Amino acid sequence: MNTTKKVAVVTGGNRGLGFEASRQLAKQGYQVILTSRDEAKGKSAGIKLKNEGLDVISQPLDVTSDETCQKLAKFIDNEFGKLDVLVNNAGVYIDSQTGSNSIFDAKVDTLKQTLETNVYGVLRVTQALLPLMKKQNYGRIVNVSSGMGQLTDMRGGSPGYRISKTSVNALTRIFASELQGTNILVNSVCPGWVQTDMGGENAPRTPEQGVDTIVWLATLGDGGATGGFFRDRQPIEW
Ligand SMILES: NC(=O)c1ccc[n+]([C@@H]2O[C@H](COP(=O)([O-])OP(=O)(O)OC[C@H]3O[C@@H](n4cnc5c(N)ncnc54)[C@H](OP(=O)(O)O)[C@@H]3O)[C@@H](O)[C@H]2O)c1
């Protein structure tokens with residue numbers, strides 16, 4: 001399945017922002033690997049985009065599983081021999097599942113579960129796939145964060161989610177710093193409040209609007225920003 005196209009992986013690609021980011025990257029000429037923890041859901045999302053005439057294939061990836069990360073890395077190495085773009089999009093927002101959204105009753109288990117996906121998931125997937133970028137000295141890594149993780153605007157409620165997104169931003173800074181001097185750029189993005197299962201139907205932004213900055217960061221030219229946090233294509237405070 002060799003390709004002259006740039007190859008992009010999107011995590012949590014079966015719905016919401018991940019699905020739309022897969023669509024928009026494929027529209028820009030990328031070979032997209034849409035990944036999903038539920039293989040059947042990933043397949044049907046991939047087929048939907050293929051039917052739109054887009055170069056999208058699906059692969060299983062549960063970001064909480066080292067095994068599926070390694071399998072994906074092997075698959076990409078065998079099929080394409082490289083990776084150009086990684087969109088770390090998969091995420092959960094489970095704070096209020098226990099009935100309260102306050103830090104006063106926050107359950108450590110809820111925080112652990114949130115970090116397992118939103119933070120360690122990003123670390124795991126990035127560590128597994130980075131060698132495929134390093135070997136060609138090219139890569140664009142986009143970590144889908146949130147304004148809810150901004151320390152400069154930190155408020156109450158949703159402690160697990162907030163802490164996880166602050167931590168994702170730390171991962172962005174650390175990876176970007178250790179990749180200084182390479183052509184692998186790592187940035188965080190806040191997509192705004194978007195109409196997805198997570199964002200709900202009252203959100204003001206469509207998924208297409210929500211992925212604009214994600215796709216912009218995924219397609220940055222050489223010498224572009226790294227170690228930054230962006231919304232609407234503009235740097236924002238940490
Ligand atoms: N929507 C917003 O307003 C908003 C605002 C700021 C930031 N964000 C961030 O944007 C990203 C996408 O959110 P969304 O709004 O598109 O949410 P969504 O509609 O709830 O989609 C979340 C996606 O993540 C996947 N996922 C969850 N756990 C996973 C795991 N362990 N392994 C692989 N995939 C997993 C889900 O898969 P399943 O279908 O299998 O559950 C789903 O594909 C998240 O990181 C979120 O925090 C969203």
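Order of appearance sets the numbers: ligands from 1, and atoms from 1 within every ligand. The structure displayed is predicted, hence computed values, not measured ones.
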Quiz item: In this structure, which one of Val144, Val125, Val9 forms a side chain to side chain contact (heavy atoms under 4.5 Å, CB included) with Asn88?
Solution: Val125
Quiz item: In chain order, what residues pass the ring-ring contact (aromatic ring centres under 6.0 Å, His included) check against Tyr120, with sequence neighbours excluded?
Solution: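 So Tyr120 forms no ring-ring contact (aromatic ring centres under 6.0 Å, His included) with any residue.
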Practice problem: Verify whether one side chain among Gln31 and Asp84 offers a donor that lies under 3.5 Å from an acceptor in the other. | Solution: no
Quiz item: Between Thr64 and Asp62, do the side chains contain an N or O donor and an N or O acceptor separated by less than 3.5 Å?
Solution: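 Yes, because at least one side-chain N or O of Thr64 sits under 3.5 Å from a partner of the opposite role on Asp62.
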Exercise. Report yes if the side chains of Tyr161 and Ser146 come closer than 4.5 Å at any heavy-atom pair, otherwise no.
Key: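 Side-chain contact under 4.5 Å: yes.
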Self-check item: Basic-acidic side-chain contact under 4.0 Å: Asp222, Arg140
Solution: yes
Practice problem: Compile the protein residues with any heavy atom at a distance under 4.0 Å from an atom of ligand 1; present them by chain, then by number. | Solution: Gly12, Asn14, Arg15, Gly16, Leu17, Arg37, Leu61, Asp62, Val63, Thr64, Asn89, Ala90, Gly91, Val92, Thr117, Val144, Ser145, Ser146, Tyr161, Lys165, Pro191, Gly192, Trp193, Val194, Thr196, Asp197, Met198, Gly199
